[in-house]
Chemist: 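Take a look at the following structure, please.
Both counts, for ligands and for their atoms, begin at 1 and track the order of listing. For the single chain, residues carry numbers from 1 onward in sequence order.
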Amino acid sequence: MITLLDYGAGNVRSVINALETIGARMRMVTSPDDILSAEKLIFPGVGNFESMMQILREKEYVAPLQEYLKADRPFFGICLGMQALFETSAESESRMPGLGIFQGEVLPFETDLPVPHMGWNGINIHRQCPLLEGIAQDERFYFVHSYHIAPREKDIILATTTYDYEFVSAVSKGNITATQFHPEKSGKAGLLLLENFVRADSLHSKPIQPTRGAGISRRIIACLDVRSNDDGNLVVTKGDQYDVREKGHVRNLGKPVELASRYFQEGADEIAFLNITGFRDFPLEDLPMCALLEQVSEKVFVPLTIGGGIRSYTDSNGKTHSAMDVVSCYFRSGADKVSIGSDAVHIAMEYLKTGKKTGQSTIEQISARYGNQAVVISVDPKRVWVSSPEQAAGHHVIQSSETGPNQERYCWYQCTVQGGRKAMDIDAVTLAKACQELGAGEILLNCIDRDGTGRGFDLDLISAVADHVDIPVIASSGAGSPEHFSEVFTDTRAQAALAAGIFHRKEVPIGSVKQHLSDQNIPVRRS
Ligand code: 1PR
């Protein structure tokens, strides 16, 4: 019997689904006594160190957790659930104490690479441990974090991972084990690791000559644009430059749950759902997006991002729902990240008027509660040609690699809201920078000019944005062939590339994209 500690932040549903898939019986912690009576305890932590410790204190879980751990009873901590074992974290401005089971602290990444460290990375194994039984040496796991542990006791290091430099990514001491990566989001290898924990009689480990694991891979993301069709059914659709209608009807490219399961099986590193009519249909009222997520997360064990309609809303009964209500419904239903489109543009424009953070915007609130890795900004820009940079004063102007209809050599990328219907007076680079300052953890960079065209990613746009932010950028819109993926990874700093049409229409399978990237020596995860 596994006991799961859910302190109310982030995506515990994925851990439950993973444990159910491997046939584990489980119960949830609802009182401090449940911790002390646990046979085996899993602590999945997501979000922010300080808010996690605050909640653990309020629920009076700290003392029973310490007692459980000091008695060397079976424990598996995930992500923040590992960081909690240490003395404190630099993420907490007040230096709030952690559980203090291990000596050492939690430090921010100091690197020029994008932070959060987000994606599939390998592990160098330092100890032989039943938890890692059967895990191949070149296996990759899903990481998403901005801080890493710095243990003082070297003999607890179970594994390290390289992201610019080597950091400790798993620990083991007696029956206490913990990983920085998310096994519940790491496909088959992650399920095996969880199964090892569930089945092992003892988790004791012994030192070995460290193995050399794989490095970080580029991510391939399948995107499902979802909306109700004219019959009221939720379908996956796909536009050409955001126009999803063909002969007057909404294009129907399949059922969301079926397509997502197919992409998981085919090796997608992440799956994104965009509720493209969220700006007019409120997700908590009109569209069963939360139900959809619940179904998908039962079958799909890679990260899920969901976007569309994250904003406050007053329903027909006069009840006002906050953007955080939508976000918490999405997380409870199985999302790992949420993406904000239209509202992010409004928030950034408001912020830029004063340059002062209020702490009240949805971006700030989500990143404070769930961590900045959980906040993706979906940008929907359109190219605007200008004959000289002065013509677009105040905007980030690019010298384009193409020429405009009137031989223009310069352009800027104008952000839009409401699915491209309304152009706003802010460019994509400025928007991305402002959202990063407010606490966003990733940029999903679409391009209306390229969407659905199969002409390749807009490299000018992607370079401009990726060169001006420190957070990861997902290149999106226009993929037509495997070569477009190698091009975007070679020519820009994009960490991930997303496609929709070619995957839905089975023109280019995910496996062919990965094979091509691997042939070009661009690291990819092989599932
Ligand atoms: O504004 O917070 O409610 O979020 C709405 C979300 O829906 C935004 O993320 C916005 O990008 C998206 N959206 C709105 N309208 C459309 C539309 O197509 N009419 N889809 C839309 C955006 C773009 C990509 C697409 C890539 C790859 N879809 O995500 O999947 O361009 O396509 P391709 O590989 O076929 O070229 P809010």
Side-chain angles (χ1 to χ4, degrees), residues 220-227 235-246 250-251 253 256 259 263 268 270-284 286-287 289 305-313 323 326-327 330 337-348 362-363 366 375-382 415-422 424 428 431 435 440 442-458 461-462 474-482 484-485 488 496-508 510 513:
I220 303 301
I221 302 175
C223 182
L224 287 76
D225 288 355
V226 177
R227 60 162 289 168
V235 296
V236 175
T237 189
K238 185 69 226 13
D240 288 330
Q241 299 180 312
Y242 283 35
D243 180 2
V244 298
R245 288 187 180 270
E246 199 171 331
V250 172
R251 258 191 215 112
L253 292 176
L259 270 186
Y263 294 143
E270 273 182 53
I271 294 175
F273 295 93
L274 298 176
N275 165 10
I276 67 169
T277 50
F279 68 91
R280 58 166 183 253
D281 306 317
F282 188 60
L284 296 184
D286 300 313
L287 280 173
M289 291 302 281
T305 299
I306 181 148
I310 296 176
R311 63 195 161 88
S312 60
Y313 175 81
V326 184
V327 164
Y330 282 164
K337 303 188 249 184
V338 293
S339 101
I340 312 176
S342 305
D343 224 29
V345 177
H346 301 303
I347 292 167
T362 311
I363 298 175
I366 307 174
V375 192
V376 184
I377 305 300
S378 173
V379 191
D380 299 317
K382 266 185 187 155
C415 293
T416 65
V417 295
Q418 302 180 0
R421 287 170 181 80
K422 192 169 169 200
M424 305 295 283
L431 177 85
C435 291
E442 193 172 29
I443 304 290
L444 163 51
L445 188 53
N446 303 300
C447 176
I448 296 180
D449 311 278
R450 294 293 175 109
D451 176 56
T453 63
R455 287 175 48 218
F457 298 99
D458 188 325
L461 167 66
I462 296 157
I474 303 168
S476 165
S477 303
S481 68
H484 291 148
F485 291 84
V488 79
L498 171 153
I502 53 168
F503 296 154
H504 301 336
R505 294 188 298 267
K506 297 190 174 168
E507 287 164 11
V508 179
I510 293 170
V513 173

Chemist: Backbone or side chain, does any N or O of I340 fall under 3.5 Å from an N or O of ligand 1?
Modeler: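 No - when backbone and side-chain N and O of I340 are compared with those of ligand 1, no distance drops under 3.5 Å.
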
Chemist: So which atom in A344 and which in I377 form the shortest heavy-atom distance, rounded to 0.1 Å?
Modeler: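 Scanning both residues completely, I find the closest heavy atoms to be CB-CG2, 3.7 Å.
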
Chemist: Starting from atom 19 (N) of ligand 1, which protein heavy atom do you reach first, and at what distance in Å?
Modeler: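 Minimum-distance protein heavy atom for atom 19 (N) of ligand 1 reads Y242 O, 2.8 Å.
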
Chemist: Only heavy atoms of G501, strictly under 4.0 Å: list the atoms of ligand 1 that pass.
Modeler: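 Here the atoms of ligand 1 in question are 33 (P), 34 (O), 35 (O).
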
Chemist: Suppose I only count heavy atoms of G419 and a 4.0 Å limit; which atoms of ligand 1 are within that range?
Modeler: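 With G419 as reference, the close atoms of ligand 1 come out as 14 (C), 15 (N).
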
Chemist: Please report the closest heavy-atom contact between S378 and S339, naming both atoms and the distance.
Modeler: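 Nearest heavy atoms, S378 then S339: CB-OG, 3.8 Å.
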
Chemist: Quick one, I310 and D343 - any side-chain contact, counting heavy atoms below 4.5 Å?
Modeler: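 Side-chain contact under 4.5 Å: no.
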
Chemist: Please confirm whether T453 comes within less than 3.5 Å of ligand 1 when only nitrogen or oxygen atoms on both sides are compared.
Modeler: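 N/O-N/O distance below 3.5 Å does not exist for this pair.
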
Chemist: Less than 3.5 Å between some nitrogen or oxygen of G452 and one of ligand 1, yes or no?
Modeler: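 Between G452 and ligand 1, an N or O pair is found under 3.5 Å apart.
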
Chemist: Under the 3.5 angstrom rule, does the side chain of N446 hit a backbone N or O of V379 as a donor-acceptor pair?
Modeler: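 At least one qualifying donor-acceptor pair exists.
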
Chemist: Any sub-3.5 Å donor-acceptor pair from Q241's side-chain atoms to D449's backbone N or O?
Modeler: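 Checked: pair present.
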
Chemist: In terms of atom number and element, which parts of ligand 1 are under 4.0 angstrom from non-hydrogen atoms of S342?
Modeler: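 Answer for ligand 1: 1 (O), 2 (O), 37 (P).
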
Chemist: Using distance alone, decide if ligand 1 has a nitrogen or oxygen within less than 3.5 Å of any nitrogen or oxygen in S378.
Modeler: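 There is such a contact, yes.
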
Chemist: Please could you name the atoms of ligand 1 that G308 approaches to less than 4.0 Å, counting only its heavy atoms?
Modeler: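 Near G308, meaning under 4.0 Å from one of its heavy atoms, ligand 1 has 3 (O), 4 (O), 5 (C), 37 (P).
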
Chemist: Is it the case that ligand 1 has an N or O less than 3.5 angstrom from some N or O of G278?
Modeler: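 No; every N/O pair is 3.5 Å or more apart.
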
Chemist: Could you report the tightest heavy-atom contact between A268 and A222, atom names first, then the distance?
Modeler: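 Here A268 and A222 meet closest at CB-CB, 4.4 Å.
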
Chemist: Please assess F503 against V513 for the test side chain to side chain contact (heavy atoms under 4.5 Å, CB included), listing each intermediate value before the final yes or no.
Modeler: CA-CA 10 Å; F503 296 154; V513 173; 4.1 Å; yes

Chemist: With a heavy-atom distance limit of 4.0 Å, tell me whether L274 approaches ligand 1 through its side chain, its backbone, both, or neither.
Modeler: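 The side chain, only.
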
Chemist: Name the closest protein heavy atom to atom 2 (O) of ligand 1, giving the residue it belongs to and the distance to 0.1 Å.
Modeler: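 Answer, as residue, atom name and distance: G341 N, 2.9 Å.
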
Chemist: Numbering the atoms of ligand 1 from 1, which are under 4.0 Å from a heavy atom of A499?
Modeler: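 What qualifies from ligand 1 is 34 (O).
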
Chemist: With nothing but distance in play, are any N or O atoms of G239 less than 3.5 Å from an N or O of ligand 1?
Modeler: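 In this structure, G239 places no N or O atom under 3.5 Å from an N or O of ligand 1.
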
Chemist: For ligand 1, is there an N or O atom under 3.5 Å from any N or O atom of G478?
Modeler: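 Among all N and O atoms of G478, at least one is under 3.5 Å from an N or O of ligand 1.
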
Chemist: Taking N or O atoms only and a 3.5 Å limit, does Q418 qualify as a polar contact for ligand 1?
Modeler: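 No; the residue has no nitrogen or oxygen that sits under 3.5 Å from a nitrogen or oxygen of the ligand.
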
Chemist: Less than 4.5 Å apart, side chain to side chain, heavy atoms only: is that true for F457 and R450?
Modeler: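 No - every pair of side-chain heavy atoms lies 4.5 Å or more apart.
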
Chemist: Among all protein heavy atoms, pick the one closest to atom 25 (C) of ligand 1 and tell me residue, atom and distance.
Modeler: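 Checked against all protein heavy atoms, atom 25 (C) of ligand 1 sits closest to D451 OD1, 3.6 Å.
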
Chemist: Taking distance alone, with no angle check, do D343 and ligand 1 share an N/O pair under 3.5 Å?
Modeler: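 No, since none of the N or O atoms of D343 sits under 3.5 Å from an N or O of ligand 1.
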
Chemist: Would you name the heavy atoms of G480 and V508 that are closest together and state the gap between them?
Modeler: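 Nearest pair, atom of G480 first, then V508: O-CG2, 3.9 Å.
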
Chemist: Checking a contact table here: which protein heavy atom is nearest atom 13 (N) of ligand 1, and how many Å away?
Modeler: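 Checked against all protein heavy atoms, atom 13 (N) of ligand 1 sits closest to I276 CG2, 3.5 Å.
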
Chemist: Should the proximity of K238 to ligand 1, defined as any heavy atom under 4.0 Å, be assigned to the side chain, the backbone, both, or neither?
Modeler: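 Under 4.0 Å from ligand 1, K238 contributes side-chain atoms alone.
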
Chemist: Would you mind reporting whether H346 and R311 have side-chain heavy atoms less than 4.5 Å apart?
Modeler: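 No - every pair of side-chain heavy atoms lies 4.5 Å or more apart.
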
Chemist: Need the ligand 1 atom indices (1-based, order shown) with element for anything under 4.0 Å from a heavy-atom of S476.
Modeler: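 So the answer, numbered in order with elements, is 24 (C), 26 (C), 27 (C), 31 (O).
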
Chemist: Return the residue, atom name and 0.1 Å-rounded distance of the protein heavy atom closest to atom 24 (C) of ligand 1.
Modeler: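 Checked against all protein heavy atoms, atom 24 (C) of ligand 1 sits closest to N446 OD1, 3.2 Å.
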
Chemist: Which ligand 1 atoms does C223 reach within 4.0 Å, using its non-hydrogen atoms?
Modeler: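 Contacts of ligand 1 toward C223, numbered from 1: 29 (O), 30 (O).
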
Chemist: Show me which atoms of ligand 1 lie under 4.0 Å from any heavy atom of D380.
Modeler: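 By the 4.0 Å cutoff, the relevant atoms are 8 (C), 10 (C), 11 (O).
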
Chemist: Ligand 1 and R421, any nitrogen or oxygen pair closer than 3.5 angstrom?
Modeler: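 Min N/O separation from ligand 1 is not below 3.5 Å for R421.
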
Chemist: Please walk me through it: do L224 and H504 pass side chain to side chain contact (heavy atoms under 4.5 Å, CB included)?
Modeler: CA-CA 9 Å; L224 287 76; H504 301 336; 4.2 Å; yes

Chemist: Do P381 and L445 have side chains that get closer than 4.5 Å, going by heavy atoms?
Modeler: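 A side-chain contact under 4.5 Å exists here.
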
Chemist: Where is the nearest protein heavy atom to atom 28 (N) of ligand 1: which residue, which atom, and how far?
Modeler: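 Protein heavy atom with the smallest distance to atom 28 (N) of ligand 1: D225 OD2, 2.9 Å.
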
Chemist: Select one of side chain, backbone, both or neither to describe which atoms of A500 lie under 4.0 Å from any atom of ligand 1, heavy atoms only.
Modeler: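 The answer is both.
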
Chemist: Measuring only between side-chain heavy atoms, which start at C-beta, is I366 closer than 4.5 Å to I340?
Modeler: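 Yes. Closest side-chain heavy atoms under 4.5 Å.
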
Chemist: May I ask you to identify the nearest protein heavy atom to atom 3 (O) of ligand 1, giving residue, atom name and distance to one decimal place in Å?
Modeler: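 Its nearest protein heavy-atom neighbour is G309 N, 2.8 Å.
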
Chemist: Does R251 pair with D225 as a salt bridge, N-O distance under 4.0 Å?
Modeler: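 No, this pair does not count.
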
Chemist: Does any N or O in the side chain of D380 come within less than 3.5 Å of the main-chain N or O of G420, such that one atom is a donor and the other an acceptor?
Modeler: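 Absent.
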
Chemist: Decide yes or no on side chain to side chain contact (heavy atoms under 4.5 Å, CB included) for D458 and S477, but give the supporting numbers first.
Modeler: CA-CA 8 Å; D458 188 325; S477 303; over 6 Å; no

